[in-house]
Amino acid sequence: MIRTHEAGTLRPAHVGKTVILAGWVARRRDHGGVIFVDLRDASGIVQVVFREELAEAHGLRNEYCVKVTGEVRERPAGNENPELPTGAIEIVATELAVLSEAAPLPLPVDDHVDAGDDVRLKYRYLDLRRSGPAKALRLRSSANQIARKVLHERAFLEIETPTLTRSTPEGARDFLVPVRLQPGTWYALPQSPQLFKQLLMVSGMERYYQIARCYRDEGFRADRQPEFTQLDIEMSFVTQDDIIDLGEAIVGALWGELAGYTVQTPIPRLTWHDAMARYGSDKPDLRFGLELNELTEYLRGTEFRVFAGAIDAGGYVGAVVMPGGAAQTRKELDGWQDWAKARGARGLAYVVLDAETGEARGPVAKNLSADHLNGLADAVGAKPGDAVFFAASANRREAQELLGAARLEIGKRAQLIDPDAWAFCWVVDAPMFEPAEDGGWTAVHHPFTSPNEEWMDRFEEAPDRALAYAYDIVCNGNEIGGGSVRIHRGDVQKRVFDTLGITPEDAADKFGFLLEAFQYGPPPHAGIAFGWDRICMLLTGADSIREVIAFPKTGGGFDPLTGAPTPITAQQRAEAGVDAKPKAPAAAGTAGGAAPVERAG
RNA sequence: GCCCUGUUAGCUCAAUGGGAGAGCGUCCGCCUGUCGAGCGGAAGGCCGCCGGUUCGAUCCCGGCACGGGGCGCCA
């Protein structure tokens, strides 16, 4: 080692020692006769003092990489810096060696200044010299270690699966890789290791996990990147409760060690239907209350056409209260209409309750009967001075989701959310099916998800109501993990395919290799996948998963650092087989099969 | 694919239908106790790109590109 100590570890106990440090010039304060340099390495910062004997220190510039020899000294009285862990001491330099110089910086390497995203990404290696971004990567490394420890203690095997695999057109869009040796054929990058982990259960591995890179070619967001990471887990001979217990052990260890927060277990569970009814979301943010109120029965018989139409169609009318919302200006109330329209709704009906009299006012109020208005406050739990927002639709879920989004927006605007709070829940008993565009049914989770015990023998009778052994874990309104019990019985699988309208031929074409494997004594198995980037984002307090990824891409899937993606040369194009014509239109088994993916992340 | 929003000095951001600004950074000088040091000076700009309106456009209009946020998509 070319240094004897790490800068950030020096304390008064080191006073009198001669140390050799190596790191970067974080900041300098040149007084002519004396120069102070903040020397930064991975451990932190310490102040180095150069006196006139080391006049070459005048030439130091920000981010020069240097080696300094000096003596640790207590700082003169009154000159301590309580903001630095090393602030009680300083290094009086006796030797200075410039290991490498730094050109003028394209962005400030400064904890106090934040540059724009694209500049930060282009010079991410400089961005990561800052304490905040560096800390995020350190935390992620710790999270990986914690998860591995929990799983290793429970006899899980860490197994890698292919990243060049088979296309899965029924899920998200795949990223495709042309195959030089067989022009016209393509690999896909996996959307998740879902199929492989199920095959590993057939193999008798029994307990599998992987910190797996996954790829999905869809729109990107603050919490979605084209490549992302899942902590992927699968177990044999277990029930839903076993997976939930394991999930709680992992989440408990992560939050305990990295957030100093004791997760209360068991983590509350609510059913998917309860989550939708009470919070208008399948990933409810439980940091605040403000539950939705269904008014379908209360308002039955109303003459207000918007509500009556939804009720008569067998739909839903509901409301959510905005505490103090009556104080909003007309402009703010109109703003809600734009907000709702941006979400594809027609608008957001509301009444405001007069702060003095409690009288209901607003454009909708004159459409409601006196009885309906008089009982409204009690029906929705509103007080004078509140606003009540309504949603009505023939489609129950649509109306609930609008109210759920309004609830979140109210939570933000009315500052009902404690930013330091952690609120976990499991959302269980998700529906197996939802209506498909063609009038049939499509799998909500994926077609290998088992119906729960209640519906095992009769899900065909009411596919719209059948429930699955599928579960999501939610933290502060973010889905951080999800999984299911898988179907391992051929007869059940066949019935599910029948309900989905998948013929045996389709099934063989799409999932043939998995179904074949399931002919050879597949064990009952279940699993879960955690959205690792999101979890690390929450644990670091970041507002984008980009902060916990070493070299992330922009929203357009562009990497400002490397410039990827790039055009290819004519020779690369010729060799890659990109332009090869398919030999025959989609022979059986080569058309690519739909592969289910775990929903987390 | 759609909506909102931004793009002005290396970075962060002002301003204006007619002469382009600040802070930080950079370069030069001064300075022995600072800690986002201070003081003085200097350099540094296709005002994102293309087109239109106008006597004249960084500013107004249209298109495009790129960034950010959201919807759809992912599920």
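Every chain is numbered from 1, with letters handed out A, B, ... down the list of sequences.
- A distance of about 37 Å separates the P atoms of B:C2 and B:G45, rounded to the whole Å.
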**Message:** Walk along nucleotides 22-35 of chain B from 5' to 3' and tag each nucleotide B, S or - by protein heavy-atom contact under 4.0 Å, base first, then sugar-phosphate.
**Reply:** ----SSS--BBBBB
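- Salt bridge absent: A:Glu71 and A:Lys17 never bring a charged side-chain N and a carboxylate O closer than 4.0 Å.
- Distance from the side chain of A:Ala172 is smallest for B:A75 among the nucleotides B:C73, B:A75, B:G67.
- Between A:Phe497 and A:Phe511, the ring planes are parallel. Angles under 30° get that label, and only those over 60° would be called perpendicular.
- With respect to A:Lys283 and A:Glu479, no salt bridge is recorded, no charged nitrogen being found less than 4.0 Å from a carboxylate O.
- A donor-acceptor contact closer than 3.5 angstrom is absent between the side chains of A:Glu409 and A:Trp336.
- If you check B:C64 for Watson-Crick or wobble pairing at under 3.5 angstrom, you find it paired to B:G48.
- With B:C11, B:G69, B:G72 as the choices, the nucleotide that has an atom nearest any side-chain atom of A:Arg221 turns out to be B:G72.
- When only modelled atom types and interatomic distance are considered, A:Arg486 and A:Ser484 share a side-chain donor-acceptor pair under 3.5 Å.
- Considering only the side chain of A:Glu83, B:G36 comes nearest among B:G36, B:C11, B:A75.
- Between B:G72 and A:Arg224, no contact under 4.0 Å exists linking OP1 or OP2 to a side-chain N or O.
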